[in-house]
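In this text the structure is predicted, and so the values were computed from the model without any measurement. Letters A, B, ... are given to chains in the order of the sequence lines, protein chains preceding strands, and every chain is numbered from 1.
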2 protein chains.
Amino acid sequence: MENFKEFIIEGRDAFVPCLSLDCVIFGFHSGQLKILLLKMRYDELWALPGGFVYKDEDVDAAAARILRERTGIKDIFLQQLHVFGDPNRSDSKRNKNILEKDGFENGQGDWLTERFITVGYYALVDFSKVELAIDYSSEICEWQDLTSIPSLIMDHSCILKTALERLRKEINYQPIGLNLLPAKFTMPELQSLYEAILGKKLDRRNFQRRMLGYGLVNRLTETRKGGAHKAPYLYTFNNEKYKQALEEGLQGGW
Amino acid sequence: MENFKEFIIEGRDAFVPCLSLDCVIFGFHSGQLKILLLKMRYDELWALPGGFVYKDEDVDAAAARILRERTGIKDIFLQQLHVFGDPNRSDSKRNKNILEKDGFENGQGDWLTERFITVGYYALVDFSKVELAIDYSSEICEWQDLTSIPSLIMDHSCILKTALERLRKEINYQPIGLNLLPAKFTMPELQSLYEAILGKKLDRRNFQRRMLGYGLVNRLTETRKGGAHKAPYLYTFNNEKYKQALEEGLQGGW
DNA sequence: GCAAAAGTGTTTGACCTACACCCATGT
DNA sequence: ACATGGGTGTAGGTCAAACACTTTTGC
């Protein structure tokens, strides 16, 4: 709370005015696509993790910083999604309320009640590596199933929707998985990830053939033991080829 | 120039601070992909058309306004490209010079020498419908061949490069042409557009089959007469199907 | 009639789809 | 042994690439 006060008082001069960032952070666990959400104080609503850009800071770097602070992960897959610039997207009444409830008066923190333009980002992270951290403006920070997202503040539902649409689009011409899965994974796990993203079932055999066809995964001699039934092979991603595929895209087109 | 003075003096209060827009405007004429560029005063460099967002204006709407003012075209194909947020992208020395040369003193127009974050847009327009308009900060406004782009200010070359990459990517899963071509066009013209965007030759027969296969174009009974050689058929786009394809994408993937 | 551009069709191979059988493991 | 999940192979259809011939038109 000491920090929050500093943030309010120093924010006006420290940050690029009228500009915020919001991140849709996707994770994957036990067959479910998850999203990292914050529960706001004084509010029943949830919010995407976000923040502001320091006056001398690169915008993308600010997004990476915010993600790092929140999840503890460094080399994060993070991409710009869209700029949300509706003049009515901000809820200045809500922000004023919060400031009042926290005891700020006569214009302290006024900069927060301006109209804000936000740059939406989306990130793919390895669920198992994330160490969640709450900050001074939220009381809860947790993963929520994509299938049961609560009500979100402002236009955050719209940002989330846009991120999911983007992810579903990108999966068609970019490799996905390296950032969402642990280093070693099984083919059924990878398929389950695709199914979670796309929201539909895929054929096991065709999925495997296609994946192997891309040449992005290496089969290990190990298998995942311990589960019931036949032990599936473990795979790793071929980082070089994966990187290359990210740049060049997967299927040619023209 | 009277306008320019107003712009400088009133800009601080009228616009969202530290935020600009820049547009890569693609046109197509005589087999060449063209880009609309401005020649700046006091400078050998060229620039992308751009502008600022009024405090109560939607960001995308501002981009549309800027394009409309510049090209006279209303229903423009305009999409967000990327946010360029490097703190060093602005060239505040250059801006200060311009202000001084125009006789602004003691801090008038200081707001322009701040660090700016720009939202890049790209637009596809019908070359034949554009009526160019220069404004008070530029002396020339003209189409330049993509193959011979002059030096650009700040990071505008980077924005242009990003736009071209995006266009080449999008052409793989979106219909392109409705916005770049006149209402009636021939198949070789459409192919020539694709070749200009992709920078390589395509096979006539396969191109035509694929295009017709999408069902986005209607063949007219008319042909384009007057040219030497056999007269090619004219086509129009099927607006409904085109629109639908824009939303749903062209080839399935998963 | 000849050169140049435009219209059309066929063959080939790759890939995607749909589907069935065998194997390994825990209960 | 059996139920469940995982590994693999095959036949059929679709689509895209590669390629050649015919038609029209201006000179």
Side-chain angles (χ1 to χ4, degrees), chain A residues 30-32 171-175 177 181-182 184-196 198 200-236 245 248-254, chain B residues 30-32 171-177 181 184-196 198 200-236 245 248-254:
Chain A
S30 63
Q32 287 274 343
I171 206 174
N172 284 315
Y173 56 98
Q174 273 192 15
L181 292 172
K184 295 179 183 181
F185 55 92
T186 67
M187 195 56 77
E189 280 163 5
L190 182 57
Q191 180 179 344
S192 159
L193 168 62
Y194 270 70
E195 290 176 340
L198 296 166
K200 65 178 176 190
K201 290 278 167 201
L202 301 171
D203 183 276
R204 259 169 51 221
R205 298 153 280 209
N206 296 334
F207 179 83
Q208 177 154 162
R209 190 188 355 263
R210 190 157 156 182
M211 270 300 148
L212 294 175
Y214 290 146
L216 301 175
V217 292
N218 304 320
R219 177 183 286 187
L220 307 178
T221 51
E222 311 170 59
T223 53
R224 167 143 305 163
K225 297 177 180 171
H229 321 302
K230 183 168 182 177
Y233 288 106
L234 286 169
Y235 292 83
T236 58
E248 296 173 10
L250 280 179
Q251 43 239 41
W254 293 95
Chain B
S30 63
Q32 288 274 342
I171 207 174
N172 284 316
Y173 57 96
Q174 271 192 15
I176 286 200
L181 292 172
K184 295 178 182 182
F185 57 91
T186 68
M187 196 56 78
E189 281 163 5
L190 182 58
Q191 181 178 344
S192 160
L193 168 62
Y194 270 71
E195 289 175 342
L198 295 166
K200 65 177 176 191
K201 290 279 167 200
L202 301 172
D203 182 274
R204 261 170 47 225
R205 300 155 279 210
N206 294 334
F207 179 83
Q208 178 155 158
R209 189 188 356 264
R210 189 156 155 183
M211 270 301 148
L212 293 176
Y214 290 147
L216 300 174
V217 292
N218 304 320
R219 178 184 283 187
L220 306 179
T221 51
E222 312 168 60
T223 53
R224 166 144 304 163
K225 298 177 179 171
H229 321 302
K230 183 168 181 176
Y233 288 105
L234 286 170
Y235 292 82
T236 58
E248 296 173 9
L250 279 179
Q251 42 238 44
W254 293 95

Visitor: Among dT8(D), dC19(D), dG7(C), which nucleotide sits nearest the side chain of Q208(B)?
Guide: dG7(C)
Visitor: Donor-acceptor pair, Q191(A) side chain versus Q208(A) backbone, under 3.5 Å?
Guide: no
Visitor: Looking only at heavy atoms, what is the nearest atom pair of L202(B) and F207(B), with distance?
Guide: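 Smallest interatomic distance, heavy atoms only, reads CD1-CD1, 3.9 Å.
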Visitor: Determine the minimum heavy-atom distance between P175(B) and L250(B), stating which atoms define it.
Guide: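 What the structure gives for the nearest pair is N-CD1, 3.7 Å.
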Visitor: Any side-chain heavy atom of M187(B) sitting closer than 4.5 Å to one from L212(B)?
Guide: yes
Visitor: Report which part of the nucleic acid R224(B) touches: base, sugar-phosphate, or nothing (heavy-atom distance under 4.0 Å, all strands).
Guide: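 No contact.
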Visitor: Where do L193(A) and G177(A) come nearest, in terms of heavy atoms and distance?
Guide: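 The pair with the smallest heavy-atom distance is CD2-CA, 3.8 Å.
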Visitor: Separation of K225(A) atom NZ from dG6(D) atom P, in whole Å?
Guide: 16 Å
Visitor: Between Y235(B) and M211(B), is there a side-chain heavy-atom distance shorter than 4.5 Å?
Guide: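 The answer is no; the side chains never approach within 4.5 Å.
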Visitor: Do you know the tightest heavy-atom contact between R209(B) and N206(B)?
Guide: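 Minimum heavy-atom separation between R209(B) and N206(B): NH2-OD1, 2.8 Å.
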Visitor: Tell me: CZ of F207(B) to P of dA17(D), nearest whole Å?
Guide: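 These atoms are roughly 12 Å apart.
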Visitor: Does any N or O donor sit under 3.5 Å from an N or O acceptor when you compare the side chain of R209(A) with the base of dT10(D)?
Guide: yes
Visitor: What's the CE-P distance between M211(A) and dG7(D), to the nearest Å?
Guide: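 So the CE-P distance, M211(A) to dG7(D), works out to 14 Å.
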Visitor: Rounded to the nearest Å, what distance is computed from the NZ atom of residue K201(A) to the P atom of nucleotide dG5(D)?
Guide: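 It works out to 10 Å between those atoms.
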Visitor: Between dG7(D) atom C1' and L212(A) atom CG, what is the distance in whole Å?
Guide: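 Rounded to whole Å, this separation is 11 Å.
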Visitor: Write down the distance between NZ (K200(A)) and C1' (dT17(C)), rounded to a whole number of angstrom.
Guide: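 Result: 13 Å.
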Visitor: For the helix from dG1(C)-dC27(D) to dT27(C)-dA1(D), measure the angle between the helix axis at one end and the axis at the other, each built from five pairs, rounding to 10°.
Guide: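 End axes: 0° apart.
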Visitor: Identify the heavy atoms of F185(B) and V217(B) that sit nearest to each other, and give their distance.
Guide: CZ-CG1, 3.9 Å
Visitor: Please report the closest heavy-atom contact between R224(A) and K184(A), naming both atoms and the distance.
Guide: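 Smallest interatomic distance, heavy atoms only, reads NH2-O, 3.7 Å.
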Visitor: OP1, OP2 of dT11(C) versus side-chain N and O of R205(B): anything below 4.0 Å?
Guide: no
Visitor: Can you tell me the distance, in whole Å, between the CD atom of Q191(A) and the C1' atom of dG7(D)?
Guide: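 Going from Q191(A) (CD) to dG7(D) (C1'), I get 13 Å.
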Visitor: Dump every N/O contact between nucleotides 3-6 of chain C and the protein below 3.5 Å, one line per pair.
Guide:
from: dA4(C); atom 1: N3; to: H229(B); atom 2: ND1; distance (Å): 3.3

Visitor: Once you round it to whole Å, what is the distance between P of dG6(D) and CD of E222(A)?
Guide: 17 Å
